[in-house]
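Note that the structure is predicted; figures quoted are calculated from it, not measured. Just so you know, ligand 1 is whichever comes first in the structure, and atom 1 is the first atom listed for that ligand.
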Amino acid sequence: MNVIITGASRGIGRKLARYYAKKNKVFAIARDEKKLNELKKENENIIPIVCDLSNINEVRKLRFDEIDLVICNAGISLPHAPDFTPYEEFEKLFQINFLSIHALLENIVPDMQKRKRGKIVFISSLASIIASPTSLPYSASKRALNSYAQSLRNMLAKYNIKVINIMPGFIKTDLIAKNDFYMPFLMDLNEGAKRIIDAIEKEKKEYAFPKRFYYILKMFNLLPLNIQDKILQKFAN
Ligand SMILES: NC(=O)c1ccc[n+]([C@@H]2O[C@H](COP(=O)([O-])OP(=O)(O)OC[C@H]3O[C@@H](n4cnc5c(N)ncnc54)[C@H](OP(=O)(O)O)[C@@H]3O)[C@@H](O)[C@H]2O)c1
């Protein structure tokens with residue numbers, strides 16, 4: 001198989017790259033050339049691609065042949081704060097977490113449609129379920145991704161292209177190291193990556209985990225909006 005993984009230099013993406021490179025050619029995308037080259041030294045099947053996903057023109061120039069699996073994993077978050085985000089930071093986050101995905105897929109999906117095969121995986125987040133007042137850009141980018149994933153899945157179903165949306169809870173990586181609050185159901189990176197790989201192999205349309213955390217958030221969403229807002233406002237004060 002030919003596999004693309006974005007955000008392959010660290011965290012979840014690096015774990016996935018190591019796993020898929022055992023038996024497949026993996027195009028590993030990130031900015032950190034040194035870390036990508038270290039991965040290549042471990043396994044010749046890794047092909048480093050240095051690209052800043054916030055530069056959409058750069059992303060649109062990437063070309064690949066006969067991709068079987070693309071894992072759109074790269075993502076950033078801003079420190080949690082109930083502050084109105086400056087436009088430049090908001091735009092950059094949306095470019096990395098959302099717009100770069102469409103820019104990347106633009107040159108991959110037509111070939112998948114012709115070959116009538118392919119898997120597209122998104123790494124969303126349980127943060128997409130709660131519109132947190134302290135991580136507005138992140139929650140909004142991941143909620144946009146959920147909508148994109150469902151639309152794309154049903155648009156591409158007739159081409160036998162599988163679209164899989166994964167919503168993890170907290171996993172121990174650099175991304176959450178800056179969080180100075182209690183993170184419920186915090187999961188080890190190995191366990192998180194294992195669950196993601198399993199969901200991809202089983203072609204689950206949507207996979208949210210840990211389940212207990214997911215159901216708590218879903219139940220919260222069933223509360224009347226007034227009550228939801230009262231609770232959420234406590235985090236903004
Ligand atoms: N960890 C969690 O608790 C958690 C929970 C839910 C969802 N997620 C999602 O899981 C995904 C992976 O997160 P992680 O925890 O593994 O984060 P991480 O350890 O911080 O790794 C992020 C990856 O994204 C890449 N990246 C960041 N900005 C980039 C840019 N401008 N251009 C290219 N690549 C860029 C980084 O590579 P370079 O720095 O080398 O560019 C790195 O490889 C993200 O989408 C995140 O939102 C994480």
Side-chain angles (χ1 to χ4, degrees), residues 4-19 26-40 46 48-62 70-80 88-89 91-101 103-104 121-130 132 135 137-146 148-149 164-179 181-197 199-200 206-210 213-214 217:
I4 296 175
I5 301 175
T6 69
S9 62
R10 289 183 279 122
I12 297 169
R14 184 167 59 182
K15 281 272 170 208
L16 299 180
R18 282 183 172 138
Y19 172 80
V26 173
F27 297 94
I29 300 179
R31 289 166 306 174
D32 191 331
E33 189 170 11
K34 196 167 155 247
K35 289 227 170 79
L36 292 178
N37 285 335
E38 280 167 15
L39 268 181
K40 184 168 181 66
I46 304 241
I49 296 181
V50 178
C51 176
D52 183 345
L53 295 172
S54 70
N55 183 338
I56 299 297
N57 288 332
E58 203 180 311
V59 181
R60 294 189 73 190
K61 283 186 197 141
L62 296 175
V70 47
I71 305 179
C72 301
N73 160 77
I76 61 162
S77 65
L78 303 173
H80 276 254
E88 289 74 16
E89 283 180 44
E91 183 186 37
K92 189 172 177 200
L93 184 142
F94 255 78
Q95 281 163 337
I96 298 165
N97 290 13
F98 186 61
L99 291 174
S100 69
I101 291 176
L104 178 72
V121 178
F122 300 118
I123 308 296
S124 179
S125 168
L126 285 187
S128 63
I129 294 172
I130 293 286
S132 162
S135 63
Y138 185 75
S139 290
S141 71
K142 296 297 188 181
R143 199 174 273 200
L145 188 54
N146 292 355
Y148 184 88
I164 295 162
N165 190 29
I166 297 184
M167 292 178 240
F170 294 111
I171 298 176
K172 274 187 209 153
T173 66
D174 295 349
L175 187 96
I176 58 147
K178 60 184 173 292
N179 293 351
F181 52 85
Y182 170 69
M183 290 176 274
F185 306 103
L186 181 59
M187 192 175 274
D188 166 69
L189 177 56
N190 282 330
E191 176 62 19
K194 201 167 127 246
R195 289 192 187 210
I196 290 170
I197 290 163
I200 296 172
E206 258 189 13
Y207 178 59
F209 69 98
F213 195 14
Y214 173 63
L217 297 177

- Is it true that Asp188 and Lys172 have a side-chain N and a carboxylate O under 4.0 angstrom from each other?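 No.
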Based purely on interatomic distance, does [X] place a nitrogen or oxygen under 3.5 Å from a nitrogen or oxygen of ligand 1?
| X | value |
| --- | --- |
| Ile29 | no |
| Ser125 | no |
| Gly7 | yes |
| Leu126 | no |
| Ile171 | yes |

- Message: Between Tyr214 and Phe209, is the ring centroid distance below 6.0 Å?
- Response: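 Tyr214 vs Phe209: aromatic centres not under 6.0 Å.
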- Leu175, Ile166, Ile171 screened by side chain to side chain contact (heavy atoms under 4.5 Å, CB included) with Ile12, the one that passes: Ile171
- Partner of Ile29 under side chain to side chain contact (heavy atoms under 4.5 Å, CB included), chosen from Ile5, Ile49, Asn73: Ile49
State if [X] counts as touching ligand 1 under the rule of any non-hydrogen atom under 4.0 Å.
| X | value |
| --- | --- |
| Met183 | no |
| Cys51 | yes |
| Arg10 | yes |
| Ala127 | no |

- Judged by atom type as modelled, is there a donor-acceptor pair below 3.5 Å linking the side chain of Glu33 to the main-chain atoms of Val50? no
Of all the atoms in ligand 1, which lie at a distance below 4.0 Å from a heavy atom belonging to [X]?
| X | value |
| --- | --- |
| Ile76 | 27 (C), 28 (N) |
| Phe170 | 3 (O) |
| Pro168 | 5 (C), 6 (C), 7 (C) |
| Asp52 | 30 (C), 31 (N), 32 (N) |
| Gly11 | 16 (O), 19 (O) |
| Ala8 | 43 (O) |
| Asp174 | 19 (O), 20 (O) |

- Determine whether more than 12 heavy atoms belonging to other residues, nucleotides or ligands lie under 6.0 Å from atom NZ of Lys40. yes
- Around atom CD of Glu38, are there more than 12 heavy atoms of other residues, nucleotides or ligands at under 6.0 Å?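 Enclosed.
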Below 4.0 Å, non-hydrogen atoms only: which portion of [X] touches ligand 1? Side chain, backbone, both or neither.
| X | value |
| --- | --- |
| Ile176 | side chain |
| Ser77 | neither |
| Met167 | neither |
| Asp32 | both |

- Message: Quick one, Tyr207 and Arg195 - any side-chain contact, counting heavy atoms below 4.5 Å?
- Response: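 When only atoms from C-beta onward are counted, Arg195 and Tyr207 do touch, with a gap below 4.5 Å.
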- Message: Between Ser125 and Met167, does the side chain to side chain contact (heavy atoms under 4.5 Å, CB included) criterion hold? Intermediate values first, please.
- Response: CA-CA 4 Å; Ser125 168; Met167 292 178 240; 5.8 Å; no
[atom1]/[X] to [atom2]/[Y] distance, rounded to the nearest 0.5 angstrom?
| X | Y | atom1 | atom2 | value |
| --- | --- | --- | --- | --- |
| Cys51 | Leu62 | SG | CG | 4.5 Å |
| Arg10 | Asp32 | CZ | CG | 7.5 Å |
| Arg143 | Tyr138 | CZ | OH | 13.5 Å |
| Tyr148 | Cys72 | OH | SG | 8.0 Å |

What's the shortest distance from [atom] to any protein heavy atom, and which residue and atom give it?
| atom | answer |
| --- | --- |
| atom 8 (N) of ligand 1 | Tyr138 OH, 3.6 Å |
| atom 10 (O) of ligand 1 | Ile123 CG2, 3.3 Å |
| atom 43 (O) of ligand 1 | Ser9 OG, 2.8 Å |
| atom 26 (N) of ligand 1 | Ala74 CB, 4.1 Å |
| atom 45 (O) of ligand 1 | Asn73 O, 2.6 Å |
| atom 48 (C) of ligand 1 | Leu175 CD2, 3.6 Å |
| atom 32 (N) of ligand 1 | Leu53 N, 2.8 Å |
| atom 41 (O) of ligand 1 | Arg31 NE, 2.7 Å |

- Query: Is it true that the side chains of Lys34 and Ser9 contain a donor and an acceptor less than 3.5 Å apart?
  - Reply: no
- Query: Just checking, any donor-acceptor pair under 3.5 angstrom between side chains of Asn97 and Ser141?
  - Reply: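 The criterion, which ignores hydrogens and geometry beyond distance, is satisfied for Ser141 and Asn97.
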- Query: Using 30° and 60° as the class limits, which term best fits the ring planes of Phe213 and Phe185: parallel, tilted or perpendicular?
  - Reply: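 Tilted, since the angle between the ring planes falls between 30° and 60°.
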